[in-house]
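Contents: one structure, followed by commentary.
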Amino acid sequence: MSAFAFVFPGQGSQSVGMLDAWGDHPAVAEAVQEASDALHEDVGRLIQEGPKEALALTTNTQPVMLVAAVAAWRAWKAEGGGDPVAVAGHSLGEYSALVAAGVLTLAQAAPLVRFRAAAMQEAVPVGVGAMAAILGLDAQKVIAGCQEVTQSFGAPSSEVVEAVNFNDPGQTVIAGSKAAVEKACEALKAAGAKRALPLPVSAPFHSTLMRPAAEKLRQKLADTAFAAPRIPLVDNIDVAVQNDPAAIRDALFRQAFGPVRWVECIRALKARGARTVVECGPGKVLAGMTKRIDPELSALALYDPATLAEARAQLV
């Protein structure tokens, strides 16, 4: 058996009915009920019925993605799956990874991510910020281009654009004020980017515009009891494994307004011995990124009973 790591997806992979294929799997039902109790609402109904527009609201997206990912993890464990050599999560997915690693319970994490989502939305009103995926341009050129565009507005200016998600060698996401992101898209295409795709999001996540949200989150994190991780967790702001709860809290605080260093996270998981990376939760976005980051790694997606059985056959 080759060593494996588990990774957990963030916003964007949600869909109405994304837990339907699990049927009445006890581990999944338990996760949904635990989150529903913690949030004082029927999370299962929201996931099953939507509508799509409701799931797309950040204050709903973050909790439902957490629940769906933790449900898949619990199903894996219930079916005899072993522990990975390490875990990691993309953006919001780091909270799912924290639950898997035993740092937080799902009952703690669900209200925490809803608070995080609300704080992020309040920090930058809808329509003021933007994000875009830059395809086919070296990440360092994206960083430099964003810096040039931000400087072009002069000082002092509220216009800012930054590289915030380093998803794979050919895809970097930028975020910031709407005008700056639009200007950066044009500049980066002129610099050689194949495409610049605006993303359908409600806030400029992971940009410095999220600093006010992070400050609110800092106090909420301080009030939450954290345990030492049972499984090593590679965080996505420092690409580091922390065991001290205070250091984990600080990383989550900075992660809210700092870049997701996903390319480095996948390489760090490989450095810890992983030969297969399992995306645990809805979708296959991270599995695709894994193959583009390092073709030597095997990538699996675990999101229903069939894919769980496939993962067990390869890894157990």
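We use all heavy atoms of the structure for the numbers below, so side chains are in, but hydrogens, waters and symmetry mates are not.
Between the side chain of Ser13 and the main chain of Pro9, no donor-acceptor pair closer than 3.5 Å is present. Although no hydrogens or angles enter the test, the distance criterion places no donor-acceptor pair under 3.5 Å between the side chain of Gln314 and the main chain of Arg312. Thr150 places no side-chain N or O within 3.5 Å of a backbone atom of Gln147 that could act as its donor or acceptor partner. Although no hydrogens or angles enter the test, the distance criterion places no donor-acceptor pair under 3.5 Å between the side chain of Arg254 and the main chain of Ile237. Side-chain atoms of Lys77 come within 3.5 Å of backbone N or O of Gly81 as a donor-acceptor pair. Within the 3.5 Å criterion, the main-chain N or O of Leu221 finds a donor-acceptor partner in the side chain of Arg249. Using a distance-only test at 3.5 Å, with no hydrogens or angles considered, a donor-acceptor pair links the side chain of Asp138 to the main chain of Gln140.
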Practice task
Mind running side-chain contact (heavy atoms from CB on, under 4.5 Å) on Glu79 and Leu308 for me, showing each step along the way?
Solution key: CA-CA 9 Å; Glu79 299 295 333; Leu308 189 154; 3.7 Å; yes

Exercise for the section: Apply side-chain contact (heavy atoms from CB on, under 4.5 Å) to the pair Ile293 and Phe166, showing each step before the final yes or no. Expected result: CA-CA 10 Å; Ile293 292 168; Phe166 299 94; over 6 Å; no

Exercise for the section: Show your reasoning for whether side-chain contact (heavy atoms from CB on, under 4.5 Å) applies to Val161 and Lys183. Expected result: CA-CA 9 Å; Val161 59; Lys183 188 173 182 180; over 6 Å; no

Practice task
Just do the side-chain contact (heavy atoms from CB on, under 4.5 Å) check on Val164 and Met131 with the steps written out, would you?
Solution key: CA-CA 9 Å; Val164 297; Met131 299 182 76; 3.9 Å; yes

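Looking at every heavy atom in both residues, Thr58 comes nearest to Pro63 through O-CD, 4.2 Å. Of all non-hydrogen atoms in Ser91 and His206, the two that sit nearest each other are OG-NE2, 2.5 Å. Minimum interatomic distance between Gly44 and Ser36 (heavy atoms only, all atoms of both residues): N-OG, 4.0 Å. When all heavy atoms of Phe8 and Ala69 are compared, the closest pair comes out as CD2-CB, 3.9 Å.
For the side chain to side chain contact (heavy atoms under 4.5 Å, CB included) criterion with Tyr95, the lone passing option out of Gln62, Met65, Gln108, Gln255 is Gln255.
Atom-to-atom distance recorded for Glu279:CD and His90:NE2 is 10.0 Å, nearest 0.5 angstrom. Put simply, CG on Asn167 and CE on Met289 are 3.5 Å apart, with the number rounded to the nearest 0.5 Å. In this structure, Glu49 CD and Leu55 CG are separated by 11.0 Å, a value rounded to the nearest 0.5 Å. The SG atom of Cys185 sits 4.5 Å away from the CD1 atom of Ile174 when rounded to the nearest 0.5 Å. Rounding to the nearest 0.5 angstrom, the gap separating the CD1 atom in Ile134 from the CG atom in Leu197 is 8.0 Å. Atoms CG and NE2, from Leu19 and His25 in turn, are 12.0 Å apart once rounded to the nearest 0.5 Å.
The existence of a salt bridge linking Glu296 and Arg275 is excluded, since no basic side-chain nitrogen approaches an acidic carboxylate oxygen closer than 4.0 Å. Contact check on Asp294 versus Arg267 returns no salt bridge, with no Lys/Arg side-chain nitrogen under 4.0 Å from an Asp/Glu carboxylate oxygen. A salt bridge between Glu122 and Lys216 is present, with a side-chain N of the basic residue lying under 4.0 Å from a carboxylate O of the acidic one. Electrostatic pairing of Glu34 and Arg74 counts as a salt bridge here, judged by a charged N lying under 4.0 Å from a carboxylate O.
Side-chain contact between Val7 and Val278 is absent, with no heavy-atom pair separated by less than 4.5 Å. Considering only heavy atoms from C-beta on, Leu302 comes within 4.5 Å of Trp76 through its side chain. With contacts defined as side-chain heavy-atom distances shorter than 4.5 Å, the pair Trp262/Leu286 qualifies. The side-chain heavy atoms of Thr276 and Leu297, taken from C-beta on, include no pair separated by under 4.5 Å. For the pair Leu92/Val113, a side-chain contact is recorded, criterion being any heavy-atom separation below 4.5 Å from C-beta on. Between Gln121 and Ser202 the shortest side-chain heavy-atom distance falls below 4.5 Å. Contact check for Leu112 versus Lys220: side-chain heavy atoms found under the 4.5 Å cut-off. Pro229 is listed as a side-chain neighbour of Ile248, based on a closest heavy-atom distance under 4.5 Å.
The environment of Arg195 atom CZ is sparse: at most 12 non-hydrogen atoms of other residues, nucleotides or ligands sit within 6.0 angstrom. The environment of Lys291 atom NZ is dense: over 12 non-hydrogen atoms of other residues, nucleotides or ligands sit within 6.0 angstrom.
Note on Val28: it clusters hydrophobically with Val70, by side-chain heavy-atom contacts below 4.5 Å among ILVMFWY residues. Both Leu39 and Met18 belong to a single network of hydrophobic side chains, linked directly or stepwise wherever heavy atoms of I, L, V, M, F, W or Y lie under 4.5 Å apart. Hydrophobic clustering (side-chain heavy atoms under 4.5 Å, transitive across Ile, Leu, Val, Met, Phe, Trp, Tyr) keeps Ile231 apart from Val234. Residues Leu135 and Leu137 do not share a hydrophobic cluster, defined by chaining ILVMFWY side chains whose heavy atoms lie under 4.5 Å apart.
Residues satisfying the ring-ring contact (aromatic ring centres under 6.0 Å, His included) test with Phe226, not counting sequence neighbours, are none.
Relative to the six-membered ring of Phe257, Arg211 meets both conditions, a distance below 6.0 Å and an angle of at most 45° to the axis.
By the 30° and 60° cut-offs, the orientation of the rings of Trp73 relative to Phe6 is perpendicular.
For the salt bridge (Lys or Arg N to Asp or Glu O under 4.0 Å) condition, the pairs that include at least one residue of residues 92-118, sequence neighbours left out, are Glu41-Arg114.
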